[in-house]
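Below is one structure, written out as structure tokens, with a few remarks after it.
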Amino acid sequence: MELTERKLKILQAIINDYVQTAEPVGSRTLSRKLDMSVSPATIRNEMSDLEEMGYLTHPHTSAGRVPSDKAYRLYVNNMMGDFQISPQTRQFINETLKADIDEFDRTIQRAAELLSEITNLASFAVSPKKDEDKLKFVNLLPVDERTVILMIVAESGKISNTALNLRVPYTNEALDILARNITCNYRGRTITEVLTGNIIDDFRTDIEALSQLAGNIMPNFMRTLSDMLNVRLYLDGLSNIFDIPEYSDLTRAKNFVSLFDRKDEFAKKLLDRDDGMIVTIGTENGDDDLNDCSLITATYHVNGEMVGKIGVIGPTRMKYGEVTSIVKYLTENLNNTFRLEGGEGEEDGE
């Protein structure tokens, strides 16, 4: 059986209507909306053919039809077209991300929040474990007489800021000397190399005050480096699902939320996906818990290097054109605007 132009037009109309209403679509509804000189009976016949071909399903409680995963795949591949993001939304994305542009982790977390806010779906962002990430620079910023901020910047763009409570007094000059020495010793070395080195010998000094300060700070430095190797997964907008008709059933909603209780497993699934913009629909996800969901991911880069994945998850009844356009624009925004300006400035001052 062939997918004729009329069948394609009917199928697209059914998908568009169902995405908007979440109600099964009948032939009479279509005959009123379609600009086609065909009777409801002819439309019914075409819908029967589409069902036989696997593009429509027939809920037991309704005479109407709903799109199948196969229909959504055809729609994503061949029908959805480009969605024009409004200038207001573009400006909102640009200004919001730029506000935190010097904080890598905060920027990525805010990007996930933006996706949820704009698409009204559950969103996520994940940064991978990178054993070969290299150190770019280290800084020690005074807060009060016993507290400093340890800032570590990796070449991938990861930034870690940790508040340290010191047991020994310090001067700003001592902090500056120690930060420059750490940067000089470890710049360009992988985090794994630093963690497996003899950090005590690296910082032996005849200056007692500096030696005590290093002895206090370096164990915290090592713990922070170890933490930077871990995968980070940011989730947002889980409560949005309760506004989606598919999840009015509390059991189904609970099953959806339970996906994110297994964060490590979910993060691995995301990082294992191909690079670029990837849309997987229903059973394509290869996971029984995701059979009723669509997953849209994109790869974000910092300074041209692949860093992690960002995207949304929701029901298969999704505004694919709109959502993919927003994910794509936000990801391109991250790729084009994120720069380690602070890092360059620190190096220039050495």
Side-chain angles (χ1 to χ4, degrees), residues 69 72-73 76 104-117 119-133 154 156-158 160 191-192 195 223-244 246-247 249-302 305-318 320 323-324 327 330-331 334:
D69 292 353
Y72 288 127
R73 171 50 60 198
V76 169
F104 176 82
D105 288 329
R106 177 57 187 151
T107 302
I108 300 306
Q109 183 178 8
R110 188 67 184 106
E113 293 169 357
L114 273 174
L115 271 184
S116 171
E117 189 174 343
T119 65
N120 294 314
L121 294 169
S123 65
F124 51 81
V126 60
S127 59
K129 178 177 179 179
K130 296 194 66 176
D131 292 6
E132 299 309 310
D133 209 351
S156 68
K158 269 193 175 182
S160 176
I191 292 177
T192 303
L195 288 172
R223 281 194 293 271
T224 304
L225 281 184
S226 181
D227 182 62
M228 289 178 75
L229 288 177
N230 295 330
V231 170
R232 284 187 170 88
L233 174 65
Y234 304 103
L235 297 169
D236 201 78
L238 292 184
S239 61
N240 287 339
I241 70 163
F242 296 106
D243 296 325
I244 299 174
E246 282 85 343
Y247 300 108
D249 182 312
L250 290 181
T251 300
R252 190 172 180 183
K254 183 179 179 181
N255 290 339
F256 181 87
V257 173
S258 70
L259 286 170
F260 306 104
D261 291 337
R262 307 187 301 275
K263 284 191 174 183
D264 290 344
E265 181 182 331
F266 185 63
K268 183 179 185 305
K269 181 182 292 290
L270 297 175
L271 291 173
D272 285 344
R273 289 164 70 87
D274 291 339
D275 292 341
M277 176 75 69
I278 304 296
V279 179
T280 49
I281 301 166
T283 55
E284 294 175 358
N285 290 301
D287 187 326
D288 290 344
D289 292 333
L290 293 171
N291 279 349
D292 296 324
C293 301
S294 284
L295 193 57
I296 298 176
T297 55
T299 307
Y300 65 87
H301 302 74
V302 174
E305 180 182 352
M306 191 282 284
V307 176
K309 301 290 172 63
I310 189 166
V312 298
I313 183 171
T316 54
R317 184 189 62 86
M318 186 185 292
Y320 290 98
V323 175
T324 54
V327 172
L330 188 144
T331 305
L334 285 175

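All figures in this text were calculated on a predicted structure; none of them were measured in a lab.
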List the steps and the verdict of side chain to side chain contact (heavy atoms under 4.5 Å, CB included) for D292 and F256.
CA-CA 9 Å; D292 296 324; F256 181 87; over 6 Å; no

How about [X] and [Y]: do any of their side-chain heavy atoms sit closer than 4.5 Å?
| X | Y | result |
| --- | --- | --- |
| T324 | V279 | yes |
| L270 | L233 | yes |
| F266 | D289 | no |
| D69 | R73 | no |
| R317 | I244 | yes |
| I296 | M277 | yes |
| K309 | I278 | no |
| V327 | L115 | yes |

In terms of side-chain geometry, is the basic nitrogen of K268 or E265 positioned less than 4.0 Å from the acidic oxygen of its partner?
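Looking at E265 together with K268, the answer is no, because their closest N to O distance does not fall below 4.0 Å.
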
For F242 and A253, which heavy atoms make the closest approach, and how far apart are they?
CE2-CB, 3.8 Å

Taking all non-hydrogen atoms of both residues into account, name the closest pair between S116 and G237 and its distance.
OG-CA, 3.0 Å

Nearest 0.5 Å, what's the [atom1]-[atom2] distance between [X] and [Y]?
| X | Y | atom1 | atom2 | result |
| --- | --- | --- | --- | --- |
| L238 | L121 | CG | CG | 11.5 Å |
| D274 | T297 | CG | OG1 | 8.5 Å |
| E113 | R106 | CD | CZ | 4.5 Å |
| T299 | R273 | OG1 | CZ | 9.5 Å |
| I108 | Y300 | CD1 | OH | 4.0 Å |
| I310 | F124 | CD1 | CZ | 8.5 Å |

Do the rings of Y320 and Y72 sit parallel, tilted or perpendicular, given the 30° and 60° boundaries?
tilted

Verdict with supporting geometry, V76 and I281, side chain to side chain contact (heavy atoms under 4.5 Å, CB included):
CA-CA 10 Å; V76 169; I281 301 166; 4.1 Å; yes

Determine yes or no for a side-chain-to-main-chain donor-acceptor pair under 3.5 angstrom, with T280 supplying the side chain and N285 the backbone.
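No.
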
Test your reading of the model: is there a side-chain donor-acceptor pair from T316 to the backbone of C293, 3.5 Å cut-off?
no

Evaluate the criterion side chain to side chain contact (heavy atoms under 4.5 Å, CB included) for residue pair I313 and L290; output intermediate values, then yes/no.
CA-CA 9 Å; I313 183 171; L290 293 171; 3.5 Å; yes

